[in-house]
Q: 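Have a look at this one before I ask anything.
Convention: sequence-line order gives letters A, B, ...; per-chain numbering from 1.
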There are 2 protein chains.
Amino acid sequence: MTLITTNTGMTMKTRDKILLSSLELFNDKGERNITTNHIAAHLAISPGNLYYHFRNKSDIIYEIFQEYEKLVDYYLDIPEDRPITLEDMTFYLESVFDGLWSYRFFHRDLEYLLDSDPRLRQDYREFTNRCLAAINRIFAKLADAGIIQPQPEDLRSAMSLNVWLVITNWMAFLKTAHAAEEPASLSLTELKQGIYQVLTLEVPYLTPEYRERVLALREKYRPTLPEAQGVSGVEA
Amino acid sequence: MTLITTNTGMTMKTRDKILLSSLELFNDKGERNITTNHIAAHLAISPGNLYYHFRNKSDIIYEIFQEYEKLVDYYLDIPEDRPITLEDMTFYLESVFDGLWSYRFFHRDLEYLLDSDPRLRQDYREFTNRCLAAINRIFAKLADAGIIQPQPEDLRSAMSLNVWLVITNWMAFLKTAHAAEEPASLSLTELKQGIYQVLTLEVPYLTPEYRERVLALREKYRPTLPEAQGVSGVEA
DNA sequence: GACTGCCTAGAGTATATACTCTAATAATAG
DNA sequence: CTATTATTAGAGTATATACTCTAGGCAGTC
């Protein structure tokens, strides 16, 4: 068994190296552009070796998805026993966008991936529902905490869905809004402007007591330069 | 020159047949799953014939995009000389979602398409900016008409961007929210629930005079059954 | 009827993709 | 040490994909 040493001093099995490299390559070049042969070549292992560990490409993707799922589920574990704070909300937003970044290839080719793997389709559906439920619960607890005004259930559900749509589509928007290929330019700063967009959804519902604090928080994520955005300086 | 007869009694050149069939196949099966050979076979013409009319697959896609662009630009032509009405807004929303439906393959593989064709990337970027500007202008005129409360420019921009994100991601959400492959199940009704989501964004900004009318309009697009949605009946 | 310009068929091709198969090498258990 | 199991290399393959090339048909024109 070949082991490599990571920067943490831990050793890693070939199987894990495949998962790690696949994720890295998928994120960088897009799942569509990365074949199993590419992955093997990148790791300097043989195709046969790769196929010893995974039956096919779908299985690799499925396992990466399960990691992603686990990560998000872990972060979106809303406490039942105590009220929610602004710091909690910030943490949720930051975590979700970090996860989105780490597994950004996934949403890019989502429809194709779901079409090719029924397991994934089923799991992703349930994953979406859990996320929507979590967002819903966060809204409910934000209202309990007096941060936003309480809203009827159906409005809250529709709002949650909008939050989900903004979050999952933000990365794609950034990528398509860029003029050329500047991989490094998709920075953390730009990513976090997604938080600005999400908080924009909350603005009209803020209570007078918290309004200024949330607006100040939102301000921290405001797009700084008009260059990359393409929204601000737009002409008819 | 081979001509076919359409249901309008008009004749169509091979070139146009290729564009039409490509769009149909892309929408049905996804661009990724449709090769130039598939398109030729579907039309019962030879690959050589197809390549006589188009240099490559990218050129076909690029021309389809230009049709899409033209259509949306046509519908999003905001009148300068008169105030906007609720009927106008409904028309804009219906038109945009109809366009989204007719060219739905496009947003599905957007990132890959833009990566493969610099022309398309550039044009799409400008298209996005025009759409965002149009949404922005609609909001401004809705405020002028006393339908929504006026908002500062930066909030309006952020709201416009959120509207854009919801609109462009709605179809993808529907597709991924479905359990199995039921092509016919993606009905007009479900599509138009996207309008419900967009109007949800406007709800908190409605003026008292128009509030009830817009809420009633929104109600017409509300998801009727909880089955396909996956949002309503969600449990923690 | 011959010439010309558009259009079409259909065989063919270079490359890529996902994956298989066999044999050999390490690791581990007894 | 030996038997077994786990891992790996690397050549190979069936199929697909995007596209090319040559030959020819068909319509109009003189």
Q: When the distance from CD1 of A:Ile18 to P of D:dT8 is rounded to whole Å, what number comes out?
A: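 About 8 Å, once rounded to whole Å.
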Q: Reading DNA chain C from 5' onward, which residue's closest nucleotide shows up sooner: B:Asn37 or A:Thr35?
A: B:Asn37
Q: Check nucleotides 9-11 of chain C for protein N or O atoms closer than 3.5 Å to its own N or O atoms and list the pairs.
A:
from	atom 1	to	atom 2	distance (Å)
C:dA9	OP2	B:Ser46	N	2.9
C:dA9	OP2	B:Ser46	OG	3.3
C:dA9	OP2	B:Asn49	ND2	3.1
C:dA9	N7	B:Ser46	OG	3.0
C:dG10	O6	B:Gly48	N	3.4

Q: Can you tell me how far apart OG1 (A:Thr176) and CZ (B:Phe127) are? Round to the nearest 0.5 Å.
A: 11.0 Å
Q: Look at the side chain of A:Lys57 and decide which nucleotide, out of C:dC19, D:dT7, C:dT8, has an atom nearest to it.
A: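 Nucleotide nearest to A:Lys57's side chain: C:dC19.
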Q: Is it true that the side chains of B:Asn169 and A:Thr168 contain a donor and an acceptor less than 3.5 Å apart?
A: yes
Q: Any idea which of C:dT8, D:dA18, C:dT20 is nearest the B:Thr14 side chain?
A: C:dT8
Q: Between B:Arg108 and A:Asp115 (salt bridge meaning N to carboxylate O under 4.0 Å), is one present in this structure?
A: yes
Q: Can you measure A:Tyr52 atom OH to D:dA9 atom P for me and round it to whole angstrom units?
A: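 Computing the A:Tyr52:OH to D:dA9:P distance gives 13 Å.
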Q: Does this structure show an ion pair linking B:Glu111 with B:Arg32, if we count only N-O contacts that are shorter than 4.0 Å?
A: no
Q: Verify whether one side chain among B:Glu69 and B:Tyr124 offers a donor that lies under 3.5 Å from an acceptor in the other.
A: no
Q: C:dT20, OP1 or OP2 - any side-chain N/O from A:Tyr51 closer than 4.0 Å?
A: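 Checking A:Tyr51 against C:dT20: no side-chain N or O falls below 4.0 Å of OP1 or OP2.
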Q: With a cut-off of less than 4.0 Å, is there a side-chain N or O of A:His53 near OP1 or OP2 of D:dA6?
A: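 No, outside the criterion.
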Q: Which whole-number value in Å describes the distance from A:Asp16 CG to D:dT7 P?
A: 12 Å
Q: Atom CZ of B:Phe54 and atom C1' of C:dC7: how far apart are they, to the nearest Å?
A: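 My rounded result for the distance is 14 Å.
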Q: To the nearest Å, how far apart are B:Ile34 CD1 and D:dA16 C1'?
A: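 Answer to the nearest Å: 13 Å.
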Q: How many whole angstroms separate atom CD1 of A:Ile39 from atom P of D:dT8?
A: 16 Å
Q: Starting at atom CG of A:Leu43, determine the distance to atom P of D:dT8, rounded to an integer number of angstrom.
A: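 Taking CG of A:Leu43 and P of D:dT8, I get 11 Å after rounding.
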Q: Run the side chain to side chain donor-acceptor pair (under 3.5 Å) check on B:Thr200 and B:Arg218 step by step: do they pass?
A: CA-CA 8 Å; B:Thr200 298; B:Arg218 173 168 172 267; 3.1 Å; yes
Q: Hey, are B:Lys192 and B:Asp98 close enough for a salt bridge, meaning a charged N less than 4.0 Å from a carboxylate O?
A: yes
Q: On DNA chain D, check which nucleotide each of B:Asn33 and A:Arg15 is closest to and give me the residue with the more 5' one.
A: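 That would be A:Arg15.
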Q: Measure NZ/A:Lys13 against P/D:dT8 and give the value in whole Å, please.
A: 11 Å
